[in-house]
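In the text below, chain A, chain B and the rest are named by the order of the sequence lines, each starting its count at 1. Only heavy atoms go into these numbers, but all of them, side chains included; no hydrogens, no water, no symmetry mates. Because the structure is predicted, anything quoted here is derived from the model rather than measured.
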Number of protein chains: 2
Amino acid sequence: MLGASQAIEANVYGGAHISASAALASSEPSVDRFERGTIRRIEAKEHVFCDGDPRTHVFRIEEGVIALSKLLGDGRRQIIEFAYPGDYIGLGTLREHIFDAQATCAAKVRCLSAAALEQEASRDAGLALRLYKAVSAELAATRALLVSVGQQSAMERLAGFLLSLSARTANPGDETVVKLPMRRSDIADLLGLTIETVSRTITKLRTMHVIDVVRGTEVHILDIERLTELAGQ
Amino acid sequence: MLGASQAIEANVYGGAHISASAALASSEPSVDRFERGTIRRIEAKEHVFCDGDPRTHVFRIEEGVIALSKLLGDGRRQIIEFAYPGDYIGLGTLREHIFDAQATCAAKVRCLSAAALEQEASRDAGLALRLYKAVSAELAATRALLVSVGQQSAMERLAGFLLSLSARTANPGDETVVKLPMRRSDIADLLGLTIETVSRTITKLRTMHVIDVVRGTEVHILDIERLTELAGQ
DNA sequence: CGTTCATTTGAGTGAAGTCAAACCGAGTGG
DNA sequence: CCACTCGGTTTGACTTCACTCAAATGAACG
């Protein structure tokens, strides 16, 4: 059906710890309109929007990574997903955002009017259906993360995270080099662990010669089979 | 806008640990067609569908509770949501189910053709938009559960769960009596805990005189303020 | 070269897990 | 009506994985 739907299914089956909503793009002119919003540049750690802000826009990531997260009163934070280029954030039906969206590194996003999008979708079944599929894919990815956080050990979570990153962002053809465009604290808050546990687990994977880490931000997967085993099912 | 949307928002803001997708019902005749599927009776512990089954139907819960869960190879299980009467399960775009749906107690579901639903939605923007909103509400609920499982202590998770159950299922007017139509193991698998921890935590709440438990399955909330505090933010 | 921020490593603690046994209520059949 | 079973729950004793606190190391930058 849609050109994008295959990419979505691939993501979902990959058991993603990251967003999987790339279904809105379309070649129809009636939709392209929403692809023409202004570009906004975001600094590392800058917010795209905050918990409680009115939901005026939907954003498509053009460059960089945006972390969607919930901050609890005492400083604990859960990251819900990392949104990569092609992903949309801010979809939904609520009038206000209920999460923070913060860049983990310098990024660019395209701003699309939420009201215009919703209005057009109420007339255009094709667009509404793409919205449905985009959110469904995101739901599947969030459920996969929930399974990981609820049931798996630190090692399983981290191995699974690296594999999902690899499947999602590595150059096609070379799945062994994975860039980590976020701090350890972001990974920790995604996986429901602490910075120290993430660091120790990465170290363990290095001493096992399953991965190699270059300058802290680039992971080379040396033994993808072993890594897959370590990720559990 | 839609009559159901208010119910959805109430659920989402309630920080639900349970499903929140009651957006499909409509008074339009073109949609009512999908509300006329056959009723299927489900025994306690019986499956509505299994992980891997072709996704031929969407189901609306009419009675009882259905647990959506993922089973890992070694027996660990994560429950994704409890679906209550009015909720839909089996929505999405994948050709196969990727979760188990199992009754926690005797239940009835209405079976609706997934193909017919999707086909109708590709013509009817209103239906497609309702699908979008239903899945969006479910996404918000799943995210809330992820935050709880990823960041909160056993006590916080259980207190939050009891409150969300109370908001969702207690008789309007008396939010203090909550029926638990599932085993301790189901609660444990939803919250990412063990049976023993769930049991111990319930016992602690009882000795604190925050709740009272009748015959193991009926919780009386004695001090809802204290319970709310214990649930954290 | 010093400052700052992020990461790693170490030592000790604790919340939740495991294993095991006791308890309880609902059926069932003698 | 009681004894027995059976699934589910509770409680107890002990263990462990991940957390906390603290210090050392490393990388980036003016």
Side-chain angles (χ1 to χ4, degrees), chain A residues 43-46 67 72 74-78 102-106 148-159 161 179-208 211-219 230 232, chain B residues 43-46 67 72 74-78 102-106 148-159 161 179-208 211-219 230 232:
Chain A
E43 313 260 330
K45 297 193 180 178
E46 191 187 340
L72 304 191
D74 57 0
R76 284 176 289 178
R77 184 177 71 143
Q78 178 67 42
Q102 191 177 17
T104 68
C105 59
S148 185
V149 170
Q151 299 299 325
Q152 299 196 294
S153 68
M155 176 60 83
E156 289 172 319
R157 289 183 226 182
L158 199 75
F161 170 70
K179 196 95 185 62
L180 297 181
M182 70 281 290
R183 336 227 154 283
R184 297 290 183 269
S185 61
D186 296 321
I187 300 174
D189 289 346
L190 179 80
L191 301 178
L193 301 169
T194 58
I195 310 178
E196 294 94 327
T197 299
V198 169
S199 178
R200 277 186 248 272
T201 308
I202 289 178
T203 299
K204 191 176 286 180
L205 282 171
R206 265 195 308 142
T207 61
M208 293 165 78
I211 64 172
D212 192 20
V213 180
V214 180
R215 235 184 333 276
T217 66
E218 202 176 278
V219 172
L230 288 168
Chain B
E43 314 259 331
K45 296 192 180 181
E46 190 187 339
L72 303 191
D74 56 1
R76 284 177 289 178
R77 184 177 70 142
Q78 177 67 42
Q102 192 177 16
T104 67
C105 59
S148 185
V149 170
Q151 299 299 326
Q152 298 195 296
S153 69
M155 177 59 84
E156 290 172 318
R157 289 183 227 182
L158 199 75
F161 171 70
K179 196 96 184 60
L180 297 181
M182 70 281 290
R183 337 230 151 282
R184 296 290 182 270
S185 62
D186 296 320
I187 299 175
D189 289 346
L190 179 80
L191 301 178
L193 301 169
T194 58
I195 310 177
E196 294 94 328
T197 299
V198 169
S199 179
R200 277 186 247 272
T201 307
I202 288 177
T203 299
K204 190 176 288 180
L205 282 171
R206 265 195 309 141
T207 60
M208 294 165 77
I211 64 172
D212 192 20
V213 181
V214 179
R215 237 183 332 276
T217 65
E218 202 177 279
V219 172
L230 288 168

Taking N or O atoms only and anything under 3.5 Å, show me the protein contacts with nucleotides 20-22 of chain D, one pair per line.
| residue | atom | partner | partner atom | Å |
| --- | --- | --- | --- | --- |
| dT20(D) | O4 | R200(A) | NH2 | 2.9 |
| dC21(D) | N4 | E196(A) | OE2 | 3.0 |

Original post:
Base, sugar-phosphate, or nothing: which does K45(A) touch, judged by heavy atoms less than 4.0 Å apart?
Top reply: sugar-phosphate

**OP:** Would you confirm whether R184(B), through its side chain, and G216(B), through its main-chain N or O, come within 3.5 Å as a donor-acceptor pair?
**Re:** yes

Subject >> First encountered from the 5' end of DNA chain D, between G192(A) and R215(A) >> reply: G192(A)

Original post:
Between atom CG in L180(A) and atom P in dA27(D), what is the gap in whole Å?
Top reply: 16 Å

Original post:
Does L190(B) offer a backbone N or O that forms a donor-acceptor pair with the side chain of Q78(B) under 3.5 Å?
Top reply: yes

**OP:** Looking at every strand, decide which applies to T203(A) at a 4.0 Å heavy-atom threshold: base, sugar-phosphate, or nothing.
**Re:** sugar-phosphate

Original post:
Under a 4.0 Å N-O cut-off, is there an ion pair linking R77(B) with D186(B)?
Top reply: yes

Original post:
Between which nucleotides of DNA chain C, read 5' to 3', does contact with chain A run, using atoms under 4.0 Å from its heavy atoms?
Top reply: dA6(C) to dA11(C)

Subject >> Touch class at under 4.0 angstrom, heavy-atom based, for I202(A) against every strand present >> reply: nothing

Original post:
Does atom CD of E43(A) have more than 12 heavy-atom neighbours from other groups under 6.0 Å away?
Top reply: no

Subject >> Distance in angstrom units between M155(A) CE and dC17(D) P, rounded >> reply: 12 Å

